[in-house]
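Report on the structure given below.
Here is the naming used below: chain letters follow the sequence lines, and residue numbers restart at 1 for every chain. It should be emphasised that the depicted structure is a prediction, and the values quoted were computed from it without experimental measurement.
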Number of protein chains: 2
Amino acid sequence: MYCYEYPHAAVTTDCVVFGFDGWRLRVLLVERGIEPFKGWHALPGGFVRMEESVDDCARRELREETGLTVEWLRQFHTFGSVGRDPRERVITVAYLGLVKLANVTGGDDAASAAWHAMDELPRLAFDHSEIVAAAVASMRQDIHFHPIGFDLLPREFTLAQLQRLYEAVLGVEFDRRNFDRKILKLGLVTPVDGRLSRGQGGRPAAVYRFDEARYREFKQAGFRLEF
Amino acid sequence: MYCYEYPHAAVTTDCVVFGFDGWRLRVLLVERGIEPFKGWHALPGGFVRMEESVDDCARRELREETGLTVEWLRQFHTFGSVGRDPRERVITVAYLGLVKLANVTGGDDAASAAWHAMDELPRLAFDHSEIVAAAVASMRQDIHFHPIGFDLLPREFTLAQLQRLYEAVLGVEFDRRNFDRKILKLGLVTPVDGRLSRGQGGRPAAVYRFDEARYREFKQAGFRLEF
DNA sequence: AATATTTTGTGTAGAAATTACACAAAACAC
DNA sequence: GTGTTTTGTGTAATTTCTACACAAAATATT
């Protein structure tokens, strides 16, 4: 038993991890094995331990519950309304993660973890729907300042893939020629030998890779990537 | 005494409230009356109660410690490293507040609360320097999407004041004519009768006021205000 | 093998926005 | 009234943005 002079809320972390399947955004969800909300879908997450930072907790819980290690993971909001957990007062720090789906499909060893398309999400436990919505909003902000494609696409990709990613995140459509021109002018991507076919027939496209050095430059300088 | 099966961290809120004195950004600080860090400057804040949301806690602590009620207050980051408070494990949710200085000078009834210029901050207790730095960074992001001047300037202002505010926040300088043109084209401000002198001599400038209706429109549409 | 289908690659002209820049007039301080 | 400070105003050159269509390359189908 641990006793305190004043009542203490419990603190948890929850992770909204996004992947991109080439067409839609996907979110990693687990199925709850215990009450409350047993059998419901939920965000991976859990209680912060005394000897770990909140950031570390997010990474640990994610690994334990889904077998996944994400490189890009940042806090985006803390949810602290009074009734959000029926058991006790729980305040959760929510994290936004980005992963290259190609690298992880099959890597999640927790059987209950699965990728769900953003536009077909099941009902979620607690206030997790609200948390996912906030994560999407936060990502939309981010995308104006950070080249997010970097972390969602495979190392080599076509401009069409990148465009489709932007369209999925922002919910808009772009003119292919104008999009390409803008991306290339930024100098964030460099061409790579070879071509990549789309699988549905059609001419294979030129392949690019993000230029890490230039990405870091931009990040430092407070750069803006917009459409 | 309050007892739990597992150890619990304490949760606090801390507020970084910015004002604009016409030339520089200022931050509201209190002097600590108790150990640890007794006598040091610190951000206003305190422990979250069981029956209040985290957001409510921020507002309450701010009012109790500084006598201030801010309209614009939003969470920007949660600080949760292990050793940040020597007493016990404390996780703090940090808030960013904006106030019109003209309305509040004198209104802070807590004698220990005072406005400090951003470029002459004293040493701060705990990791509060880090928190202030993060707040500035967060505000710089915000200013691209939200017309922050709205909340920092008095109801009526000149374009020179608005420009100076942007320069103070972003740490850059703008050409006066180009700045004016851009602001006016946005349609966010409407002219008001009268002129406002600067106090150092010189011709008094035209006076403007933010157009609230148009501001809300923009905010909804996910608008961008940039330079 | 021929044909149909899909996707890539490419250019330009008009509109809009951005930048750089200087001097006269108004108000106030002294 | 003289000097100082600050406002108000316009334009030309550059750059960026937008809208838009057709031929060529590769694959899928028969």
Quiz item: What is the ring orientation for B:Phe210 with B:Phe157, classed by angle as parallel under 30°, tilted 30 to 60°, or perpendicular over 60°?
Solution: tilted
Exercise. Would you kindly compare A:Asp175 and B:Thr158 by the position of their nearest DNA chain D nucleotide and give the one closer to the 5′ end?
Key: B:Thr158
Quiz prompt | Within 45° cone of A:Trp40 ring axis and under 6.0 Å: A:Arg123 NZ or CZ | solution = no
Quiz item: So which nucleotide from D:dT7, D:dT27, D:dA19 ends up closest to the side chain of A:Arg181?
Solution: D:dA19
Self-check item: Value in whole Å for how far the P atom of D:dA19 lies from CZ of A:Phe174
Solution: 12 Å
Quiz prompt | Shortest side-chain distance from A:Arg177, nucleotide among D:dA21, C:dG9, D:dT7 | solution = D:dA21
Quiz item: How is A:Asp180 classified with respect to the nucleic acid when contacts are heavy atoms under 4.0 Å: base, sugar-phosphate, or nothing?
Solution: nothing
Quiz prompt | Spacing of B:Leu159 atom CG relative to D:dT6 atom C1', expressed in whole Å | solution = 13 Å
Exercise. Starting at atom CD1 of B:Ile183, determine the distance to atom P of C:dT18, rounded to an integer number of angstrom.
Key: 12 Å
Quiz item: Counting side-chain heavy atoms from C-beta on, which of D:dT7, C:dT10, D:dA26 comes nearest to A:Pro204?
Solution: D:dA26
Quiz item: Closer to the 5' end of DNA chain D via nearest nucleotide, is it A:Lys185 or A:Gly202?
Solution: A:Lys185
Quiz item: Please give, in whole Å, the distance from C:dT7 C1' to A:Leu162 CG?
Solution: 17 Å
Practice problem: Compare the minimum distances between each of D:dT27, D:dA19, C:dA20 and the side chain of A:Asn178, then state the nucleotide with the smallest one. | Solution: D:dA19
Quiz item: Do A:Arg74 and A:Ser138 meet the criterion of a side-chain donor-acceptor pair at a distance under 3.5 Å?
Solution: yes
Self-check item: Side-chain N or O of B:Lys182 closer than 4.0 Å to phosphate OP1/OP2 of C:dA17
Solution: no
Self-check item: For atom CZ of B:Arg176 and atom C1' of D:dT6, their distance in whole Å
Solution: 7 Å
Exercise. Please state how far atom CG in A:Leu184 lies from atom P in D:dT16, giving the value in whole angstrom units.
Key: 15 Å
Quiz item: Which one, D:dT7, D:dT27, C:dT18, comes nearest to the side chain of A:Ser197?
Solution: D:dT27
Quiz item: Is there a donor-acceptor pair closer than 3.5 Å between any side-chain N or O of A:Arg214 and the backbone N or O of A:Gly187?
Solution: yes
Self-check item: Gap between atoms CZ and P, on B:Phe179 and C:dT18 respectively (whole Å)
Solution: 13 Å
Practice problem: Just call it for A:Arg195: base, sugar-phosphate, or nothing, with non-hydrogen atoms closer than 4.0 Å on any strand. | Solution: sugar-phosphate
Self-check item: Polar side-chain contact B:Arg203-D:dT9 base: donor and acceptor under 3.5 Å
Solution: no
Quiz item: Is any NZ, NE, NH1 or NH2 atom of the basic residue among B:Arg24 and B:Glu120 found under 4.0 Å from an Asp or Glu carboxylate oxygen of the other?
Solution: yes
Practice problem: Please state how far atom CZ in B:Arg164 lies from atom P in D:dT7, giving the value in whole angstrom units. | Solution: 13 Å
